[in-house]
2 protein chains.
Amino acid sequence: MTLGWEEIRAEVLRRIRAREWPPGALIPGEEALAEEFGVARATVNRAMRDLAEAGVIERKKRAGTRVAELPVRRARLEIPVIRLDVLGRGLTYDFKLLADRVERAPIPVTARLGLPEGTAMRYLETLHLAGGRPFVLETRWLNPAILPAPPPDFAAVSANEWLVTHVSLVSGDIAFTAEPATPREAEVMGMAPGTPLLVAERTTHGTTGPVTLVRLAHAPGHRVQMTF
Amino acid sequence: MTLGWEEIRAEVLRRIRAREWPPGALIPGEEALAEEFGVARATVNRAMRDLAEAGVIERKKRAGTRVAELPVRRARLEIPVIRLDVLGRGLTYDFKLLADRVERAPIPVTARLGLPEGTAMRYLETLHLAGGRPFVLETRWLNPAILPAPPPDFAAVSANEWLVTHVSLVSGDIAFTAEPATPREAEVMGMAPGTPLLVAERTTHGTTGPVTLVRLAHAPGHRVQMTF
DNA sequence: ATGGTTAATATGTCTAGACATAATGCAAGT
DNA sequence: ACTTGCATTATGTCTAGACATATTAACCAT
């Protein structure tokens, strides 16, 4: 029976958990481990690289590999298109375009996207419905520079979905906060103002510059679930 | 100048974004790409594996590699120990153990951890302080079976931190919700009841069974930030 | 002591070739 | 028509060896 990289990883992990190699300790080099397990160094490397990605060990050239002092847990969040999110919950999906206009974006918006003050941007307000009931209110500022010549009809395809399939997003960030429902949100989504809402704020950048800043106000009770 | 796997990845990504290989399309096999770029197949494999992990392409043995129809964006959340989170914000850290007792856990708690109804569990209530002000109220149900013979003193080291360094956590999940502050939370953290709070609920399982269920109620204004 | 240079070393990556594994689609048998 | 089995094929993994790169520690010169 020959060992694979996953078995190497399992054994290394076992030794770390058993405190044979305590936090902060220096682990034998790849060459030594390769010899011990009777595999090629590349196989050990594969296993160690995986553990490093998981945050269990820290590796530095020349300095060697050591067990992480305080292993940082990493959770992965998969952000689906809202339509698929809703359908995945077994509910019917629909959306309404509540607003679509071009105007000068407020300073906080341009600032966060790194655009000059007073840039004219497309403002979109979309209410996503799940099973006929409000699911998410999306308010979006979109950089018109990234849109094609005949701009897409966001009443037919939601901006959320159009962007995923037509713009190559490079990087971005999401922040989750709990906020009281604004009067506008309360009115549109049919709830009392001040109701706690889970709000996700995303900025995304593409190859040709800033793309969009979007605020997703989720209906009460919404859970964002992650596994690790 | 010789190509590395990151350059292969960049070029493949460029072709996908440029729609030379549109969503759903079948990409040439590793062998073909290796020949085209003049590198070994393992190098192409490294690049493709990375793109698959990022959700840009989907790979299946025999069936080949195709461009993802709706690229699922994946964001990574790093969950540090609360103490380091606070120190990382340039604030002093402190915590107070408000409650520490053993009692029968409520049914929802045992159910979520997969323990028998009425199991006696350790209940801990910890207030984490940042710069002397309430930061997070942690309410935790801990499976006493995983604790060592002389149980640790959670007044000296927070349970949060003790668990990370002493229990090998295998899997778990986190859910974020927005909830109104309970009377207890409002009292302890000094705010009006009903104030929207960002709540994280985590369950974790170790090698020897369920470990803990914890609820972290964050002070108003708290942001959970992720990058992708 | 102090600062800069150099050699040693552990990890990172690559090559060329091999076998393993899984999924597909065709062919044969019921 | 339907199922079963098998050959095919693309990805997954491994080996043994090589060179690249970052970083440390030792050394030397000021």
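Convention: sequence-line order gives letters A, B, ...; per-chain numbering from 1.
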Self-check item: Any N/O donor-acceptor pair, A/R41 side-chain to C/dT13 base, under 3.5 Å
Solution: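 A donor-acceptor contact between them is present.
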Quiz prompt | Distance-only donor-acceptor test (3.5 Å): side chain B/R62, base C/dT21 | solution =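 Between C/dT21 and B/R62, which were checked side chain against base, a qualifying N/O pair under 3.5 Å is absent.
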Rounded to whole angstrom units, what separation is found between the [atom1] atom of [X] and the [atom2] atom of [N]?
| X | N | atom1 | atom2 | value |
| --- | --- | --- | --- | --- |
| B/E58 | D/dT11 | CD | C1' | 15 Å |
| A/L26 | D/dT23 | CG | P | 16 Å |
| B/E31 | C/dG17 | CD | P | 11 Å |
| A/N45 | C/dT15 | CG | C1' | 15 Å |
| B/R46 | C/dT11 | CZ | C1' | 13 Å |
| A/E53 | C/dG12 | CD | P | 11 Å |
| A/E30 | D/dG17 | CD | P | 16 Å |
| B/R66 | D/dT11 | CZ | P | 11 Å |

Practice problem: Choose from D/dG12, C/dT11, C/dT13 the nucleotide whose nearest atom is closest to any side-chain atom of A/R49. | Solution: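 From the listed options, C/dT13 comes nearest.
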Exercise. Taking only the side-chain heavy atoms of B/T43 (C-beta and beyond), determine which of C/dC14, D/dT13, C/dT21 contains the nearest atom.
Key: C/dC14
Self-check item: Residue whose closest nucleotide on DNA chain C lies nearer the 5' end, A/K60 versus A/A42
Solution: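 Nearer the 5' end of the strand: A/K60.
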Quiz item: Hey, which of these two, A/V44 or B/M48, hits DNA chain D nearer its 5' end, going by closest nucleotide?
Solution: B/M48
Self-check item: Residue met sooner reading DNA chain D from 5', once A/A63 and A/G38 are mapped to nucleotides
Solution: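 So the residue in question is A/G38.
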Quiz item: Will you find, in the side chains of A/R59 and A/T65, an N or O donor that is under 3.5 Å from an N or O acceptor?
Solution: yes
Quiz prompt | Option from B/V214, B/L213, B/L147 for which side chain to side chain contact (heavy atoms under 4.5 Å, CB included) with B/L142 holds | solution =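 The side chain to side chain contact (heavy atoms under 4.5 Å, CB included) with B/L142 is passed solely by B/L147 among B/V214, B/L213, B/L147.
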Exercise. Report yes if a side-chain nitrogen or oxygen of B/T65 is closer than 4.0 Å to either non-bridging phosphate oxygen (OP1 or OP2) of D/dA10; otherwise report no.
Key: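 Indeed not, no polar side-chain atom of B/T65 lies that close.
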Practice problem: Please answer whether the main-chain N or O of A/L129 pairs with a side-chain N or O of A/D94 as donor and acceptor at a distance below 3.5 Å. | Solution: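 Here the side-chain-to-backbone pair does not exist.
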Quiz item: Can A/R15 and A/E11 be counted as an ion pair, charged N to O under 4.0 angstrom?
Solution: yes
Quiz item: Does a sphere of radius 6.0 Å around CD in A/E35 hold more than 12 heavy atoms from other residues, nucleotides or ligands, not counting ones at 6.0 Å or beyond?
Solution: no
